[in-house]
Amino acid sequence: MPVRMHRKIEDLVSVVIIFALTITALVFKFLQDNFHVQVMDADTILVNIAFIFACVAGVITWREDRHLNLASVTDKLPEVPRKVVKIIVAAITPMILTQIFLISLCQIVNPEQFLNRLLWLPVKVFFAFYPLCYLFMLLFSVKRSEYRIASIAGVVLGVLTSMSAITGIIYYAGSSADLTALYNFGDKWNSFCGKAVWPLILILVALAFAGVPLFVIITGITFVTFSMSGGYTDVIPLEAYSKLSDKSIAAIPLFTIAGYILARGSAKDRFVNLFRALFGWFRGGTIVATVVVMTFFSTFTGVSGVTILALGSLLGMILTGSGYEKNRAEALVTSSGAIGLLFPPSVAIIMYATANYTVITQFEPGFDVTNLFIGALMPGALLALSMIVLGIIYDKNKNRAPFSISEIGKAFKECILELLLPILICLTYFTGFFNLFQVASFAVIYAFCLAAFFRKDFSFTETAGVVAESVPVSGGVLFIIGAAAGLSYFMQDANIPETVTEFITTYVSNKYLFLILMNLVLLVVGCLMDLYSAILIISPLLLYSANAYGIPVVQAGVIFLMNLSIGFLTPPVGMDLFISSYTFKKPVSEVIKGVLPFLLVQLGVLLLITYVPWFTTALLPPAL
C-alpha cells in the first residue's frame with residue numbers, strides 16, 4: 001500500500017475516533033438527562049475510546065516527527081562528534097521503543113491482566129493498541145534511520161535488556177522450556193542498572209539535548225529505575241494505560257482540538273476585529289486586543305507554542321500596522337503565549353489537579369479542580385494586565401482609529417458566536433451541567449459546527465483535515481503524560497517526595513526562603529522540561545514540601561503553574577523562545593533580547609503571588 005494511502009488512513013482513523021468520542025459523550029448525557037437511561041459502563045467506554053485515540057495520535061505524531069523534544073545541539077558540533085552522537089541516538093531510540101513494546105506485549109499475554117469486559121470485548125483488546133503503537137513507532141524509527149545498522153543493533157539491545165518481559169511472554173504462552181539462562185541474563189541487567197543507574201540516567205538526559213523525544217527519554221529513565229529495583233518494568237505500561245484512560249486526561253486532546261479549529265478558522269480574525277474596535281481608539285488598545293486574544297487561544301490549545309505559531313504572524317502584523325515597533329510587537333506576542341494556561345478550561349490546571357489529586361486530598365479533603373481554576377483567575381489576570389501595561393508603555397503611536405459605536409456593534413455582531421463558546425463552557429462546567437469530559441466534547445462539536453456550517457471557513461472535509469492536523473499536538477502531550485506516569489509511580493513508591501521534603505525542611509527553616517528556592521528550581525524546570533512532564537514528575541515533590549511549610553495547596557499549585565508558564569520564556573532554552581524564532585524567522589538571541597523586559601515584569605508578578613497568598617485565596621469559597 002502506498003505511503004500516502006497509509007497516511008490518509010491513519011488521519012481518517014484519528015478523526016473518526018475523535019468525533020465518535022465527542023458525539024458519544026454528549027449522546028450518553030442526553031439519554032441520561034432526558035430519558036433517564038443510564039448506559040452501563042458509559043465512562044469506561046469513553047475513556048477506552050480516548051485511550052485508543054492516544055495510541056493512534058502517538059503513531060501519527062511519530063510519523064510527522066513532532067513528538068516534543070528539546071532543541072538539538074548536535075548541529076553545532078564538529079562533524080565527527082556529531083556523527084557519533086547521531087549513531088548513538090539511532091541505537092538508543094529503537095532500544096527503548098523495543099523495551100516498552102515487549103513489556104506491553106507481556107501484559108497482553110498475561111492471563112491475569114485485564115480480566116474485565118467492555119462492550120462484550122475483553123478490556124485487553126483496548127490495551128492492545130498500546131504495544132501496537134510502539135511497534136509502529138519502532139518500525140518507523142528503523143525504516144527512516146540514517147544509520148540503519150545502529151538502529152537494528154538498538155533493537156537487539158532492547159531485546160537483550162528486556163529479558164523479564166521475554167521470559168514472561170514465554171511463560172504465559174505455556175512453554176515448558178527451561179528459562180534459567182534467560183532469568184540469569186535478566187538478573188545481570190538489573191544488577192548492572194543498580195550499579196550504573198546515575199551514569200545511565202545522565203546519558204539519557206544528555207540525549208534529550210540531541211533531539212531524542214522527551215517521552216522516549218522519560219520512558220528510558222523509568223525502565224532503568226524499575227530494572228534497578230528488581231525488574232518490575234510491567235508497571236510502566238500499566239501506569240500509562242491507567243493515566244491515559246483517566247477521564248480528565250481524555251479531555252485534554254478535545255480542548256486542544258477545539259482551540260486548533262478556532263485558531264485555523266476566521267475566529268481569530270473576528271476576535272482581533274472586535275478587540276481593535278473596543279480598544280483600538282486609545283493608546284495601547286491594540287496591545288489589549290493582542291494579549292486578550294493570545295490568552296484566549298492558549299487557554300484552549302493548552303500549549304503556548306501552538307498559539308504563537310497559529311496567531312503570531314497575524315497579531316504581529318496587526319500591531320506593526322497600528323504603528324507598534326516590530327521587535328516589540330513580536331516580543332509582546334511571544335511573552336503572552338502562555339498566560340492562558342492559568343484560565344479555565346486550561347488543560348495544565350486539569351493535568352495538575354488530576355496528577356496530584358491523591359496527594360492534595362490528604363492535605364485538603366474535598367478538594368475539587370474548580371478550586372484551582374478559581375485560585376488561578378486573579379494571578380492570570382495580573383499576568384495579562386502586566387503585559388498590557390508594559391505594552392502600552394512601549395506604544396508611542398499617536399495615529400489611532402476614532403472611537404465608533406457602530407464599528408463596535410458590527411464587530412460584536414460578527415463575533416457573537418465565538419464569544420458564546422467560552423461563556424457556555426464556563427456556565428455549563430461551573431454549574432455542574434457538564435462534567436469536564438462532556439464540556440470538552442461540547443467545545444469540539446461547537447467549534448467544528450461553527451467553522452464548517454456557520455462561518456463556512458472550511459468545508460466539512462477541510463474541517464476534518466484541520467482536526468487531523470491537530471492530532472500531532474495532542475499526541476505529543478498525551479505520550480509525555482503516559483511516559484511520565486510510570487516515573488511518577490516509581491518516585492512515589494520509593495518515597496522520594498517524603499525524602500526530599502525531609503531534606504528541605506532539615507536545611508531550610510524559613511518558609512519565605514523555601515518559596516524563593518522553589519521559584520528558582522521551578523523556573524529551571526520550566527525552562528528545561530515540558531509542562532506536562534514537570535507536572536507529573538516534579539509537582540508531587542513540591543506539594544509535600546509546600547504542605548510542610550503551611551502553604552495552601554491552591555497557592556502552591558498556582559505558583560507551580562506560573563513558574564512553568566514563565567519558564568517557557570526563560571533563557572537559554574525556554575521552548576517559546578525557539579518557537580518564536582521559528583515563527584518570526586529571527587535568531588534566538590534577538591528573541592531573548594526582546595522578551596527580557598516582559599520576562600522581568602512577569603517575574604515581578606510571580607513574586608507578588610508567591611508572597612501575598614490573598615491573590616490566590618480571595619475568590620475561593622469561605623470554607624476553603
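Because the structure is a prediction, the values reported are computed rather than measured.
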Next on the checklist: Which residue is it: Phe448, Phe30, Phe434? I am looking for the one with a ring pair (Phe, Tyr, Trp, His ring centres under 6.0 Å) to Phe442.
Outcome noted: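 Output: one option passes, namely Phe434.
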
Within the structure provided, determine whether [X] and [Y] are in side-chain contact (heavy-atom separation under 4.5 Å).
X: Val39; Y: Gln32; answer: no
X: Phe114; Y: Pro122; answer: no
X: Leu341; Y: Leu561; answer: no
X: Val553; Y: Asn371; answer: no
X: Leu543; Y: Phe560; answer: no
X: Leu522; Y: Ile538; answer: yes
X: Cys133; Y: Val56; answer: no
X: Phe458; Y: Val466; answer: yes

Residue pair [X] / [Y]: nearest heavy atoms and the distance that separates them:
X: Ala452; Y: Thr463; answer: CB-OG1, 3.4 Å
X: Ala556; Y: Ala546; answer: CB-CB, 4.0 Å
X: Ala483; Y: Thr222; answer: O-OG1, 4.1 Å
X: Ile261; Y: Ala447; answer: CG2-O, 3.6 Å
X: Ala173; Y: Val109; answer: N-CG1, 4.0 Å
X: Ala267; Y: Leu262; answer: CB-O, 3.4 Å

Inset, instruction - Take Val369 and Tyr357 through the side-chain contact (heavy atoms from CB on, under 4.5 Å) test and state the conclusion after the steps. - result: CA-CA 9 Å; Val369 65; Tyr357 184 78; over 6 Å; no

- prompt: Could you walk me through whether Leu274 and Leu419 pass the side-chain contact (heavy atoms from CB on, under 4.5 Å) check?
  reply: CA-CA 10 Å; Leu274 174 63; Leu419 285 173; 3.6 Å; yes

Separation of [Y] [atom2] from [X] [atom1] (nearest 0.5 Å):
X: Phe433; Y: Leu424; atom1: CZ; atom2: CG; answer: 10.5 Å
X: Tyr489; Y: Ile236; atom1: OH; atom2: CD1; answer: 11.5 Å
X: Thr24; Y: Ile17; atom1: OG1; atom2: CD1; answer: 11.5 Å
X: Ile257; Y: Thr22; atom1: CD1; atom2: OG1; answer: 8.5 Å
X: Ile218; Y: Ile96; atom1: CD1; atom2: CD1; answer: 11.0 Å
X: Thr616; Y: Leu342; atom1: OG1; atom2: CG; answer: 11.5 Å

The criterion is salt bridge (Lys or Arg N to Asp or Glu O under 4.0 Å); which residues satisfy it with [X], sequence neighbours excluded?
X: Glu414; answer: none
X: Lys29; answer: Asp33
X: Arg455; answer: Glu418
X: Glu462; answer: none

Exercise for review: Keeping the roles fixed (side chain from Asn563, backbone from Ile559), state whether a donor-acceptor pair exists under 3.5 Å.
Suggested key: yes

For Ala411, is there any backbone N or O sitting under 3.5 Å from a side-chain donor or acceptor partner on Asn273?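 Pair absent, no side-chain N/O of Asn273 close to backbone of Ala411.
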
| CZ/Phe129: more than 12 non-hydrogen atoms of other groups inside 6.0 Å | no

**OP:** Flag yes if more than 12 heavy atoms outside Phe19 fall under 6.0 Å of its CZ atom; otherwise flag no.
**Re:**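 Count over threshold, so yes.
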
Requested in this report: Report the relative orientation of the aromatic rings in Phe226 and Phe490; use parallel for angles under 30°, tilted for 30 to 60°, perpendicular for over 60°.
Outcome: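 Rings of Phe226 and Phe490: perpendicular, over 60°.
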
Partners of [X] by side-chain contact (heavy atoms from CB on, under 4.5 Å), sequence neighbours excluded?
X: Leu135; answer: Phe101, Leu139
X: Ala128; answer: Ile108
X: Ser164; answer: Thr233
X: Val37; answer: Leu31, Phe35

Which donor-acceptor pairs under 3.5 Å do side chains of residues 374-381 form with protein atoms, sequence neighbours excluded?
none

- Got a sec, which pairs hit side chain to side chain donor-acceptor pair (under 3.5 Å) with one end in residues 430-449, sequence neighbours left out?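 Counting only pairs at least two positions apart or across chains, no side chain to side chain donor-acceptor pair (under 3.5 Å) contact touches residues 430-449.
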
Do any pairs count as a side chain to side chain donor-acceptor pair (under 3.5 Å) and have a residue in residues 100-109, sequence neighbours left out, and if so which ones?
->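 Every pair satisfying side chain to side chain donor-acceptor pair (under 3.5 Å) with a residue in residues 100-109: Gln107-Gln113.
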
- Task: Go through the steps to decide whether Thr617 and Val554 satisfy the test side-chain contact (heavy atoms from CB on, under 4.5 Å), and finish with yes or no.
- Result: CA-CA 7 Å; Thr617 58; Val554 170; 5.6 Å; no

Hey, mind stepping through Arg63 and Asp11 against salt bridge (Lys or Arg N to Asp or Glu O under 4.0 Å) and telling me if it holds? CA-CA 11 Å; Arg63 181 196 76 192; Asp11 290 343; 3.0 Å; yes

field: Worked verdict on Tyr352 versus Leu564 for side-chain contact (heavy atoms from CB on, under 4.5 Å)
entry: CA-CA 12 Å; Tyr352 181 91; Leu564 295 186; over 6 Å; no

Are Phe140 and Phe136 an aromatic pair, judged by ring center distance below 6.0 Å? no

Could you list the donor-acceptor pairs under 3.5 angstrom formed by side chains in residues 42-55, with sequence neighbours left out?
residue, atom, partner, partner atom, Å
Asp43, OD2, Lys247, NZ, 3.1
Asn48, OD1, Tyr241, OH, 2.7
Asn48, ND2, Thr44, O, 2.8

